[in-house]
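Beneath this line is the structure, given in structure tokens, with notes to follow.
Note: hydrogens, waters and symmetry copies are ignored here, and every other heavy atom, side chains too, is used. Order of the sequence lines sets the chain letters (A, B, ...), proteins ahead of strands, with each chain counted from 1.
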There are 2 protein chains.
Amino acid sequence: MATIHDVIEPTPARDPYVQGCPSRDVLDQIGSKWAVLVIGELGRHGACRFTQLRDQLSGVSEKMLTQTLRMLERDGMVLRTVYPDAPIRVEYQLTPLGQTLRSPLKALTDWSVQHIEDVLTARKQYQERATRPR
Amino acid sequence: MATIHDVIEPTPARDPYVQGCPSRDVLDQIGSKWAVLVIGELGRHGACRFTQLRDQLSGVSEKMLTQTLRMLERDGMVLRTVYPDAPIRVEYQLTPLGQTLRSPLKALTDWSVQHIEDVLTARKQYQERATRPR
DNA sequence: CAGAATCCAATAAGATACTG
DNA sequence: CAGTATCTTATTGGATTCTG
């Protein structure tokens, strides 16, 4: 319930262009390499186990995968469920908050696939401009 | 023109989930902290000078700004124009390719602003779960 | 299986001073 | 103004070993 005391600490303006604003950190983390891929994978498959994710995100180390999952769990985007079987089973899935990230992040991965040839071409031309004129 | 020789080197499948695929690198770079903010800023203002960008992206070092701009130029997303005045003047603007990134990246920054309170709340709860139960 | 812990190498990031 | 060069610090990433 809102009381008069709340006026003392109003919600600060949130702007990732301002140093120290937490929205900048969050922006950085949701755009990070493994977070983008983890969220994409959980978005497609609904719920995944640790090993599944590790195998799908080729090249990820267990350390980085653990770190990424913990961060996403802490930030409320991923739910971690432990089933105390033997051997233990753990499932990860997107929370409602995490679901809202699927669309913008998919747009980003789609962009990288759709425009990769343009980028590679641009790199070649940049290289030529740097070497050929002298 | 396409010839039979093109068959020898077909365009490989592009998938950021596969290690070594260049689309993963590109995905990583367009999602990087300073690139997101630079593209957003150039998207809003059309053309910016180095100092303008440095002042708008509070907290960026000149080194990181230079690196980011060079990378974006190399990858064909940003055009760098030098006006040989005295003192020299340099303007940066988005290329058509860079323009196509505005919308998906704005979606990401908007997300970080719109959901930052949810994330901060989730962090507090995570903290409590970690400390309170023991 | 699903990690945790530790160590180490490589790289990124940042602060600072300097230059055409 | 628009960087470059240099140095130091912080973070990343990988390999390895261990555990319930």
Side-chain angles (χ1 to χ4, degrees), chain A residues 16 18-20 24-38 41-42 45 47-74 78-93 126 130, chain B residues 16-21 24-38 41-42 45 47-75 78-93 126 130 134:
Chain A
V18 174
Q19 188 175 19
R24 182 183 278 187
D25 300 348
V26 171
L27 176 58
D28 204 23
Q29 300 203 308
I30 62 179
S32 71
K33 179 157 81 173
W34 301 120
V36 171
L37 298 180
V38 164
E41 191 65 18
L42 292 179
H45 289 85
C48 292
R49 304 178 61 176
F50 186 84
T51 310
Q52 274 181 282
L53 287 170
R54 190 194 59 196
D55 294 345
Q56 287 304 313
L57 279 55
S58 78
V60 71
S61 69
E62 297 188 340
K63 180 182 160 187
M64 288 313 298
L65 183 56
T66 300
Q67 271 186 26
T68 303
L69 287 169
R70 287 290 171 284
M71 179 268 286
L72 292 174
E73 188 194 0
R74 182 198 58 167
V78 159
L79 178 67
R80 178 175 182 269
T81 311
V82 181
Y83 299 93
D85 307 351
I88 202 173
R89 191 162 57 90
V90 178
E91 275 192 359
Y92 297 93
Q93 57 191 304
Y126 185 86
Chain B
Y17 283 86
V18 174
Q19 188 175 18
C21 179
R24 181 182 280 185
D25 300 348
V26 170
L27 176 57
D28 204 22
Q29 301 202 306
I30 62 179
S32 71
K33 179 158 78 171
W34 302 121
V36 170
L37 298 180
V38 164
E41 192 63 18
L42 293 180
H45 288 83
C48 292
R49 302 178 61 175
F50 187 85
T51 310
Q52 274 181 284
L53 288 171
R54 190 195 56 197
D55 295 344
Q56 287 304 312
L57 279 55
S58 78
V60 72
S61 68
E62 298 189 340
K63 178 184 159 186
M64 287 313 298
L65 183 55
T66 301
Q67 270 186 28
T68 303
L69 286 168
R70 289 289 173 282
M71 180 268 286
L72 292 174
E73 188 195 359
R74 182 199 59 167
D75 285 0
V78 160
L79 179 67
R80 179 177 182 268
T81 311
V82 181
Y83 299 94
D85 306 350
I88 200 170
R89 191 162 57 90
V90 178
E91 276 191 359
Y92 296 92
Q93 57 190 304
Y126 184 87
R134 186 158 324 276

Check: Among D:dG3, D:dC1, C:dA2, which nucleotide sits nearest the side chain of A:Arg80?
Finding: C:dA2

Check: Between D:dA2, C:dG3, C:dC1, which nucleotide gets closest to the side-chain atoms of A:Phe50?
Finding: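 Between D:dA2, C:dG3, C:dC1, the one nearest the side chain of A:Phe50 would be C:dG3.
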
Item checked: nucleotides 14-20 of chain D: protein proximity per nucleotide (B base, S sugar-phosphate only, - neither; heavy atom, under 4.0 Å) -> B-----B

Notebook entry, point to check: Do you know which two heavy atoms are closest between A:Met71 and A:Ala35, and how far apart they sit?
Noted result: CE-CB, 4.2 Å

Notebook entry, point to check: Is any side-chain heavy atom of B:Arg74 closer than 4.5 Å to a side-chain heavy atom of B:Arg70?
Noted result: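 SC-SC contact between B:Arg74 and B:Arg70 ruled out.
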
Distance check: side-chain N/O of [X] vs OP1/OP2 of [N], anything under 4.0 Å?
X       : N      : answer
A:Arg49 : C:dA2  : yes
A:Tyr92 : C:dG3  : yes
B:Lys33 : C:dG14 : yes
A:Arg70 : C:dG3  : yes

Note to self: Going by side chain to side chain donor-acceptor pair (under 3.5 Å), name the residues that satisfy it together with A:Gln56, two or more places apart in sequence or in a different chain.
What the structure shows: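 Testing A:Gln56 for side chain to side chain donor-acceptor pair (under 3.5 Å), a comparison that skips the adjacent residues, returns none.
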
Next item on the list: Identify which one of B:Leu65, B:Leu72, B:Leu69, B:Leu57 satisfies the side chain to side chain contact (heavy atoms under 4.5 Å, CB included) criterion when paired with B:Trp34.
Entry: B:Leu57

Item checked: Separation between CD of A:Gln29 and NZ of B:Lys33, rounded to the nearest 0.5 Å ->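 Separation between the atoms: 10.5 Å.
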
Margin query: Let me confirm one number: the CG-CZ distance from A:Asp55 to A:Arg49, rounded to the nearest 0.5 Å.
Written below: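 Going from CG on A:Asp55 over to CZ on A:Arg49, the span is 11.5 Å.
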
Checklist line | Expected output: side-chain A:Ser58 to main-chain B:Gln19 donor-acceptor under 3.5 Å | finding: yes

Check: Please walk me through it: do A:Glu41 and B:Tyr17 pass side-chain contact (heavy atoms from CB on, under 4.5 Å)?
Finding: CA-CA 9 Å; A:Glu41 191 65 18; B:Tyr17 283 86; 3.6 Å; yes

Margin query: Roughly what angle, to 10°, lies between the helix axis at the start of the helix from C:dC1-D:dG20 to C:dG20-D:dC1 and the one at its end, five pairs per end?
Written below: 50°

